[in-house]
Amino acid sequence: MKLDNKTLTLLHRSPLFRAIAPSRFNDLVDSAKPHFLDEGEFLFRHGDLLEELYFCVEGSIKLFRLTPNGDEKIIDIIPSGNSFAEAVMFMGGQRYPVYVVALRPTFVVGINAAQYLDMLRASPELCLNMMGLMSRRMHWLLNEVDRLTLHNATFRLASYLLEMRDCIPEGKRVCLNAPKHVVASRLSIKPETFSRILKRLSNKKLIAVQDQHIELLDVAALEAIVHTEI
């Protein structure tokens, strides 16, 4: 299946691809595989051979591991417009270390990992772009470790909402990119605690909750919650 122009534009704007020469980019996307996933459908499972890296075009993806007692631990939630699985490839991994499942109907493009590595070896500019992407991911992960281990649940939720707002410059209305219980797990908060915090912040007129949409009524107060703990 040939990718449409909208998808090709999204791919080429990504740090993964924007430094690739047009002819080589065309070769890469010609061999790309579209994956259309229903809600709850797996893209790959822990231990599967790493053959592709991925770009989420529409929908959202959940990355998770299973604990020894079978509990699910969410590693990340990937919204549309973002890539994933490339870090494992750069570390020399041959198998995926997580399970990946669609949170809603999702369209993902799979890029041949071996072909992409060959292009990296031939393009210093592409390597620099990739180093920048990995550096930003590392910075985000360090902040995430700090948030999950050193701060309370209210801080984590307030910080998450402000982070989501930063991605939506046109307003203060945040749309959660996953069901509330999934976001709660992502923040290492029990679902019932997550609901209590939302209710408490609503009662204080800091936010207004309607289904998956949360309006930030008092951004300054939410920022104060975060800055107080920092």
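Side-chain atoms are counted along with the backbone in the values below, which use heavy atoms only and exclude waters and symmetry mates. Here, residue 1 is the first one in the sequence, and each next residue gets the next number.
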In terms of side-chain heavy atoms, does Glu86 have a donor or acceptor partner in Ser83 at a distance below 3.5 Å? yes
Set out, in order, the CA-CA distance, both residues' side-chain angles and the distance that settles side chain to side chain contact (heavy atoms under 4.5 Å, CB included) for Phe194 and Val183, then state yes or no. CA-CA 9 Å; Phe194 186 87; Val183 175; 4.0 Å; yes
Is there a donor-acceptor pair under 3.5 Å between the side chain of Glu163 and the backbone N or O of Tyr160? no
Donor-acceptor pair, Asn26 side chain versus Pro22 backbone, under 3.5 Å? yes
Salt-bridge contact Asp27-Arg24 (side-chain N to carboxylate O under 4.0 Å): no
Is any side-chain heavy atom of Asn112 closer than 4.5 Å to a side-chain heavy atom of Glu51? no
Smallest separation among heavy atoms of Leu222 and Ala158, with atom names: O-CB, 4.2 Å
We want to know whether Lys73 and Ser188 form a side-chain donor-acceptor pair, criterion being a heavy-atom distance below 3.5 angstrom. yes
Heavy atoms, side chains only, cut-off 4.5 Å: are Arg156 and Thr154 in contact? no
Below 4.5 Å, heavy atoms only, C-beta onward: do Val174 and Ile207 meet side chain to side chain? no
For side chain to side chain contact (heavy atoms under 4.5 Å, CB included), just list the numbers for Val29 and Leu8, CA-CA rounded to whole Å, side-chain angles, deciding distance to a tenth of an Å, and then say yes or no. CA-CA 8 Å; Val29 296; Leu8 292 174; 3.8 Å; yes
Gln210, CD: over 12 other non-hydrogen atoms inside 6.0 angstrom: no
Looking at side-chain heavy atoms only, is the closest gap between Ile111 and Glu52 below 4.5 Å? no
Quick one, Lys33 with Val109, criterion side chain to side chain contact (heavy atoms under 4.5 Å, CB included). Give me CA distance, side-chain angles, the key distance, then yes/no. CA-CA 6 Å; Lys33 295 180 182 178; Val109 174; over 6 Å; no
Which atom names give the shortest non-hydrogen contact between Pro191 and Ala184, and what distance separates them? CA-CB, 4.2 Å
Decide yes or no for Glu39 and Leu103: does some side-chain heavy atom of the first lie under 4.5 Å from some side-chain heavy atom of the second? no
Phe64 and Tyr99 aromatic ring geometry - parallel, tilted or perpendicular at 30°/60° bounds: parallel
Please report the closest heavy-atom contact between Val209 and Lys180, naming both atoms and the distance. CG1-CE, 4.1 Å
Under a plain distance cut-off of 3.5 Å, with no hydrogens placed, do Thr193 and Arg196 share a side-chain donor-acceptor pair? yes
Any side-chain to backbone donor/acceptor pair from Glu41 onto Val101? Under 3.5 Å, distance only. no
Donor on one side chain, acceptor on other, Thr7 and Asp4, under 3.5 Å: yes
Is the Phe36 ring parallel, tilted or perpendicular to the Phe107 ring (thresholds 30°, 60°)? parallel
Is the His35 ring parallel, tilted or perpendicular to the Tyr54 ring (thresholds 30°, 60°)? perpendicular
Does any part of the side chain of Ile214, heavy atoms only, come nearer than 4.5 Å to the side chain of Arg173, both counted from C-beta? no
Heavy-atom donor-acceptor pair, Arg65 side chain to Val98 backbone, under 3.5 Å: no
Residue pair Ser60 / Arg104, side-chain donor-acceptor N/O under 3.5 Å: yes
With rounding to the nearest 0.5 angstrom, report the CG to CZ distance, Asp48 to Arg95. 8.0 Å
When you check the side-chain N and O atoms of Gln115 and Ser31, is any donor under 3.5 Å from an acceptor? yes
Is Asn69 reaching over with its side chain to a backbone N or O of Asp71, donor-acceptor style, under 3.5 angstrom? yes
Which atom pair, heavy atoms only, marks the closest approach of Tyr96 to Arg45? CB-O, 4.1 Å
Short side-chain to backbone donor-acceptor contact, Asp211 and His213, under 3.5 Å: no
Heavy-atom side-chain proximity of Val108 to Phe84 below 4.5 angstrom: yes
Lys62 vs Ile78, test: side chain to side chain contact (heavy atoms under 4.5 Å, CB included). Steps then yes/no. CA-CA 6 Å; Lys62 175 176 68 175; Ile78 308 294; over 6 Å; no
Atom of Pro79, atom of Ile77 and distance for their closest heavy-atom approach: CD-O, 3.4 Å
Compare all side-chain heavy atoms of Val57 with those of Thr106 and state whether any distance is below 4.5 angstrom. no
Checking Ser202 side chain against Leu198 main chain: does a donor-acceptor pair fall under 3.5 Å? yes
Considering all heavy atoms, the nearest Leu3-Pro34 contact: CD2-CB, 4.4 Å
